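Everything on this sheet refers to the single structure shown next.
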Amino acid sequence: MTAPTPLSFLSSALADMVARTAPSVVSVHSHRSRATGFAWKPGLIVTADEALADEGAVEIGLADGSRVAATIVGRDHTTDIALLRAEAGAAPVRLDATVPPLGALSVLVATNRETPSAALGMVSASGNSWRSLRGGDIDARIELDVRLRGSQQGGLALDASGAAFGMAVLGPRRVLVIPAATIERVAAQLEARGRIVRGYLGLGLQPVRLDDGIGAMVMNVDKAGPSAAAGIRQGDVIVAVNDQKLSGVRALSRTLGPSSVGVVLDVAVRRGGEPASFKVTVAERPEA
């Protein structure tokens, strides 16, 4: 009999790690789209929002090949997190908010063509919190050097001890991990309210270039919104917020996260070439 080697010990440890996690992972099917999900709580599945179709029925594929119907509890495009409800019977996974260091090994446990899959990679980036292109607050920047198919989006990223530190998704030219802290925060809000609270100014804005920087022209105003109540009108050009020069419309939108609701902003505008200032209390964005 051949004596065990360090590689055989490693191989067995990886296989055991995957075997322990696989019962928590399911496949997600929605209108010509396949993804992976995992049991967050009994009856609740977290998956990648980007991989979830915008229309049609949603089903959860189980390990025995059967499928069960699922309903969308809520989804947040800004953090790429969607929450589904289904009687899948999958064992809830315990997420670990610890961020793995640069160079740490990671195992991705997902599904591919409705069967369990696994991949071994490395943490290629590990850093501070950041804001997504859609304005979502992500608690840590984690990137993986691993190949990720579309159907594996929503899979669990494990560290060397087997702890699930996040959900793998496809980013621009890289594989990103939505960290456990972000998942817990967003999924809890989706479970409670079905959506994420966002700030609302009630303005339609168009970027304009000024002699001394960038402005945002007010193209339309929600008559029932907070900006109208403050006195801002169509045609005004926003040049600064809280004494900070405006860097762009998108940058302004990114500041309107959940914590912005109720905050009073000092909005500086130019009206007919003359300066003016308004106090705007950020409201909660109405449901679409």
Side-chain angles (χ1 to χ4, degrees), residues 24 26 28 30-31 33 35-60 68-88 90 92-97 129-140 153-154 156 164 166-167 169 176-204 222-229 250 252-265 280-288:
S24 299
V26 297
V28 179
S30 61
H31 192 59
S33 178
T36 296
F38 63 88
W40 176 59
K41 289 182 178 181
L44 293 174
I45 304 293
V46 168
T47 189
D49 176 73
E50 187 72 23
L52 192 65
D54 292 330
E55 58 182 13
V58 181
E59 292 183 322
I60 299 299
V68 296
T71 57
I72 298 176
V73 177
R75 53 197 305 180
D76 179 28
H77 301 305
T78 70
T79 58
D80 206 1
I81 295 171
L83 186 65
L84 310 176
R85 189 180 303 279
E87 296 302 323
V93 69
R94 183 174 179 271
L95 296 172
D96 190 333
S129 60
W130 59 289
R131 194 179 292 272
S132 73
L133 291 175
R134 293 181 173 178
D137 292 316
I138 313 296
D139 291 76
Q153 286 199 88
L156 285 168
M167 175 180 71
V169 299
L176 300 173
V177 174
I178 307 301
T182 305
I183 295 171
E184 294 283 15
R185 170 170 51 82
V186 172
Q189 293 181 62
L190 293 177
E191 180 186 17
R193 304 189 60 163
R195 64 190 184 96
I196 302 299
V197 174
R198 301 287 177 197
Y200 182 65
L201 296 178
L203 296 175
D222 178 359
K223 294 180 180 179
S227 294
R250 179 175 291 180
L252 177 58
S253 298
R254 289 177 182 173
T255 66
L256 300 175
S259 61
S260 70
V261 178
V263 172
V264 178
L265 302 179
V280 181
T281 302
V282 181
E284 180 178 329
R285 179 176 292 277
E287 292 190 56

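Small disclaimer: the values here were computed from a predicted structure and weren't measured. Side chains are part of it too, since the values below use all heavy atoms of this structure and drop only hydrogens, waters and symmetry mates. Numbers for residues simply follow the sequence, beginning at 1.
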Margin query: With a 6.0 Å cut-off (strictly less than), is the heavy-atom count around CD of Glu87, excluding the residue itself, greater than 12?
Written below: no
Notebook entry, point to check: How far does CD1 of Ile183 sit from CD1 of Ile81, to the nearest 0.5 angstrom?
Noted result: 5.5 Å
Note to self: Can you give me the closest heavy-atom contact between Gln189 and Val197, atom names plus distance?
What the structure shows: OE1-N, 4.3 Å
Checklist line | Separation of Arg75 CZ from Arg195 CZ (nearest 0.5 Å) | finding: 15.5 Å
Check: What are the two closest heavy atoms between Ile196 and Pro258, and how far apart are they?
Finding: CG2-CG, 3.9 Å
Next item on the list: Identify the heavy atoms of Pro226 and Ala283 that sit nearest to each other, and give their distance.
Entry: CG-CB, 3.9 Å
Next item on the list: Starting from the C-alpha separation in whole Å, work towards a yes-or-no answer on side chain to side chain contact (heavy atoms under 4.5 Å, CB included) for Ile60 and Val28.
Entry: CA-CA 5 Å; Ile60 299 299; Val28 179; 4.0 Å; yes
Notebook entry, point to check: So Leu252 and Leu201, side chain to side chain contact (heavy atoms under 4.5 Å, CB included) or not? Walk me through it.
Noted result: CA-CA 10 Å; Leu252 177 58; Leu201 296 178; 4.3 Å; yes
Note to self: To check you understand the geometry: which heavy-atom pair defines the closest contact between Ala51 and Ser30, and what is its length?
What the structure shows: O-OG, 4.1 Å
Notebook entry, point to check: Taking atom CD of Glu50 and atom OG of Ser33, what is their separation to the nearest 0.5 Å?
Noted result: 9.5 Å
Next item on the list: Using the side-chain contact (heavy atoms from CB on, under 4.5 Å) rule, pick out the option among Thr36, Val177, Leu95 that qualifies with Leu156.
Entry: Leu95
Next item on the list: Of all the heavy-atom pairs spanning Val26 and Phe38, show the shortest one and how long it is.
Entry: CG2-N, 4.5 Å
Notebook entry, point to check: So with a 6.0 Å cut-off around CZ of Arg131, is the heavy-atom count from everything else above 12?
Noted result: yes
Note to self: What's the separation between atom OG1 in Thr182 and atom CG in Asp139, rounded to the nearest 0.5 Å?
What the structure shows: 3.5 Å
Notebook entry, point to check: Donor-acceptor pair, Trp40 side chain versus Val93 backbone, under 3.5 Å?
Noted result: no
Check: From Gln153 CD over to Leu52 CG, what is the distance, rounded to the nearest 0.5 angstrom?
Finding: 11.0 Å
Check: How far does CD1 of Ile72 sit from CZ of Arg85, to the nearest 0.5 angstrom?
Finding: 12.5 Å
Margin query: Distance alone, cut at 3.5 Å: any donor-acceptor contact between the side chains of Arg185 and Thr79?
Written below: no
Notebook entry, point to check: Can you name the nearest heavy-atom pair linking Met167 to Ala48, along with the distance?
Noted result: SD-N, 3.9 Å
